[in-house]
Undergrad: 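Can you read through this structure? Questions will come right after.
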Amino acid sequence: MEEPLFSISIDELAAHEMSAGIGNDIVVSSQLTKFINLLNFPLRVNAFVFFVCTKGSINITINLKEWNVVQNTYVASLPENVIGLNRVSDDFEGYVILFSLEYLRKISVDLKDVLPYYTYIRNNPCFKVSDEKVVAITRFYDLLFTSLMDEKSKRIEDIVKGLVISIISKIADDLDGFGLVGTTVKTKSKEYYFLKFMDLLLKYFRAKHHVGFYADKLALSPKYLSSIIKETSGSSAPQWINDYIVVEAKTLLKSSDMNINQIADYLYFPNPSFFSKYFKQHTGVTPKEYRSK
């Protein structure tokens, strides 16, 4: 089944004025308001998104939760998140950087190093920081933007790779101030399996609703997988699966023209009745009631 129209890729964002990027790998821009027409209703941006508000304010939703972002605030969003831009103040200024998961793998960024930040950022994407930290991160941004705009450079890929790694390290260093100090994740450890599970979940959650599928992929028993996911993240594997499905369903109900039958089909429920019962079990209302709110 085709992707609904509310997903958007990096290269679509890079096509806008005052943006620079490399295909579906990376895009940077200082004109967040240019994206309003694309993001004025919730969209899944298939990338790691980082932006900083340097002046004014912007109101956003991430996974249907509203955040009011003010001056000197970092916002970090994961590839599976659904993002919407609601309101932007007239004096708003800021910078945005997007990296695809594939690009981070390509430049050998070890995703295991970001595990301590993962669950925290998913629930708390906004971080108020000092003037000094904002000045430093915007300098990195300026270097990256200038480098991406340099069409004559023969070493553009190496330059951009170095800057991206530096930016990620700088962001991680700033977030360490909130107690999110990175640690090394060992292969076959509980944290390792959590990362693997989240990677699989992002790919398959629409079609695969049962823990057994993910456990088979990881050569673990469903019971053991669920227990280590619970121990690592605070939520069990079934809770993670349900959360992804419910956020997707809510977004489709509020922000797409798909009818309930089509949504049930898109999310691989056996029939609309089963989908409605599932949705009410997890939200307290039927899909029809949620859409009419």
Side-chain angles (χ1 to χ4, degrees), residues 1-9 12 35 38-49 59-67 75-86 101 118-119 121-125 194 197-217 222 225-226 229-230 233-293:
M1 184 178 294
E2 293 183 358
E3 278 288 299
L5 294 178
F6 68 90
S7 286
I8 191 167
S9 61
E12 292 176 86
F35 297 157
L38 287 173
L39 300 179
N40 61 359
F41 59 91
L43 293 166
R44 173 165 284 106
V45 180
N46 297 318
F48 288 96
V49 180
N59 184 273
I60 64 173
T61 57
I62 298 178
N63 291 337
L64 307 183
K65 183 176 180 180
E66 188 173 312
W67 301 86
V75 178
S77 176
L78 305 167
E80 71 267 23
N81 287 349
V82 176
I83 306 174
L85 302 183
N86 304 323
L101 184 59
Y118 191 100
T119 53
I121 286 174
R122 192 170 192 275
N123 296 315
N124 304 277
F194 173 76
F197 170 72
M198 296 307 295
D199 195 29
L200 289 169
L201 187 59
L202 180 57
K203 293 177 184 176
Y204 297 112
F205 77 90
R206 297 183 188 98
K208 304 298 181 182
H209 302 175
H210 301 291
V211 177
F213 169 81
Y214 303 95
D216 288 344
K217 285 280 188 182
L225 174 61
S226 191
I229 298 303
K230 174 76 171 178
S233 69
S235 298
S236 68
Q239 287 174 316
W240 277 102
I241 296 167
N242 291 332
D243 185 48
Y244 271 49
I245 295 169
V246 169
V247 168
E248 190 84 356
K250 284 182 173 180
T251 304
L252 288 166
L253 287 166
K254 288 292 189 182
S255 306
S256 81
D257 295 326
M258 297 170 73
N259 62 41
I260 291 173
N261 288 6
Q262 290 171 325
I263 295 172
D265 187 45
Y266 173 70
L267 292 174
Y268 289 84
F269 283 92
N271 55 62
S273 176
F274 192 93
F275 167 62
S276 293
K277 290 178 181 177
Y278 174 93
F279 189 85
K280 185 171 183 178
Q281 178 186 351
H282 292 284
T283 66
V285 295
T286 66
K288 185 177 180 180
E289 289 168 340
Y290 182 80
R291 172 164 266 177
S292 65
K293 281 185 176 180

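All values derive from a computational prediction rather than experimental measurement.
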Undergrad: Contact between L201 and I241 at the side-chain level, heavy atoms closer than 4.5 Å - yes or no?
TA: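 Answer yes - side chains close enough.
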Undergrad: For K254, give me all partners under side chain to side chain contact (heavy atoms under 4.5 Å, CB included), at least two apart in sequence or on another chain.
TA: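 Result, side chain to side chain contact (heavy atoms under 4.5 Å, CB included) vs K254: Y290, K293.
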Undergrad: What's the separation between atom CG in L200 and atom CG in D216, rounded to the nearest 0.5 Å?
TA: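 Nearest 0.5 Å value for the CG-CG distance: 11.0 Å.
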Undergrad: Considering all heavy atoms of both residues, which atom of I229 and which atom of S236 are nearest to each other, and what is their separation?
TA: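 Here I229 and S236 meet closest at CG2-C, 4.0 Å.
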Undergrad: How far does CD1 of I60 sit from CD1 of I83, to the nearest 0.5 angstrom?
TA: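 That separation rounds to 7.0 Å.
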Undergrad: Establish, from distance only, whether the side-chain atoms of R206 and Y266 form a donor-acceptor pair under 3.5 Å.
TA: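 On atom types as modelled, these side chains qualify, holding a pair under 3.5 Å.
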Undergrad: List the steps and the verdict of side-chain contact (heavy atoms from CB on, under 4.5 Å) for V75 and V49.
TA: CA-CA 8 Å; V75 178; V49 180; over 6 Å; no
Undergrad: With the side chain counted from C-beta on, respond yes when W67 and T61 share a heavy-atom pair under 4.5 Å apart, and no when they do not.
TA: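 A side-chain contact under 4.5 Å is absent here.
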Undergrad: Return the minimal non-hydrogen interatomic distance between M258 and R291, and the atom names on each side.
TA: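 Closest approach of M258 to R291: O-NH2, 2.8 Å.
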Undergrad: Tell me every residue that passes salt bridge (charged side-chain N to carboxylate O under 4.0 Å, His left out) with D243, counting only those two or more places apart in sequence or in another chain.
TA: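 Only R122 meet the salt bridge (charged side-chain N to carboxylate O under 4.0 Å, His left out) criterion with D243.
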Undergrad: If you compare all heavy atoms of T283 against all heavy atoms of V285, which two are closest, and at what distance to 0.1 Å?
TA: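 Closest approach of T283 to V285, heavy atoms only: OG1-O, 3.0 Å.
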Undergrad: Would one find more than 12 heavy atoms of other residues, nucleotides or ligands at under 6.0 Å from atom NE2 of H210?
TA: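 Incorrect, the count does not exceed 12.
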Undergrad: Could you pull out the closest heavy-atom pair between I263 and L253, with the gap in Å?
TA: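 In this case the closest contact between I263 and L253 is CD1-CD2, 3.6 Å.
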Undergrad: Run the side chain to side chain contact (heavy atoms under 4.5 Å, CB included) test against T286 and tell me which residues pass, sequence neighbours left out.
TA: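 With sequence neighbours excluded, T286 shows a side chain to side chain contact (heavy atoms under 4.5 Å, CB included) to K280, K288, E289, given in chain and number order.
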Undergrad: Which atom pairs, donor and acceptor, lie under 3.5 Å between side-chain atoms of residues 271-278 and protein residues at least two apart or in another chain?
TA:
from, atom 1, to, atom 2, distance (Å)
N271, OD1, S273, N, 3.2
N271, OD1, F274, N, 2.7
S276, OG, P272, O, 3.1
Y278, OH, N242, OD1, 2.7

Undergrad: Partners of K208 by side chain to side chain contact (heavy atoms under 4.5 Å, CB included), sequence neighbours excluded?
TA: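 For K208 the side chain to side chain contact (heavy atoms under 4.5 Å, CB included) partners, ignoring immediate neighbours, are Y204, F213, Y214.
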Undergrad: Roughly how far, to the nearest 0.5 Å, is CE of M198 from CZ of F205?
TA: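 Those atoms lie 10.5 Å apart.
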Undergrad: Between S226 and A237, what is the shortest heavy-atom contact and its length?
TA: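 Smallest interatomic distance, heavy atoms only, reads OG-N, 3.6 Å.
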Undergrad: Keeping the roles fixed (side chain from H209, backbone from Y268), state whether a donor-acceptor pair exists under 3.5 Å.
TA: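 A pair under 3.5 Å: no.
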Undergrad: Could you state the interatomic distance from CD1 (I62) to CG (N124), rounded to the nearest 0.5 Å?
TA: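 Reported to 0.5 Å precision, the distance equals 10.5 Å.
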Undergrad: Are I245 and F279 side-chain neighbours, meaning at least one heavy-atom pair lies under 4.5 Å?
TA: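 No. Closest side-chain heavy atoms not under 4.5 Å.
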Undergrad: What verdict does the side-chain contact (heavy atoms from CB on, under 4.5 Å) test give for D265 and N261, after you've listed the backbone C-alpha separation in whole Å, the side-chain angles of each residue and the deciding distance to 0.1 Å?
TA: CA-CA 6 Å; D265 187 45; N261 288 6; over 6 Å; no
Undergrad: Can you sort out the partners of A215 under side chain to side chain contact (heavy atoms under 4.5 Å, CB included), two or more places apart, ordered by chain and number?
TA: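 Result, side chain to side chain contact (heavy atoms under 4.5 Å, CB included) vs A215: P222, L225.
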Undergrad: Roughly how far apart are L252 CG and D257 CG, rounded to 0.5 Å?
TA: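 The CG atom of L252 sits 11.0 Å away from the CG atom of D257.
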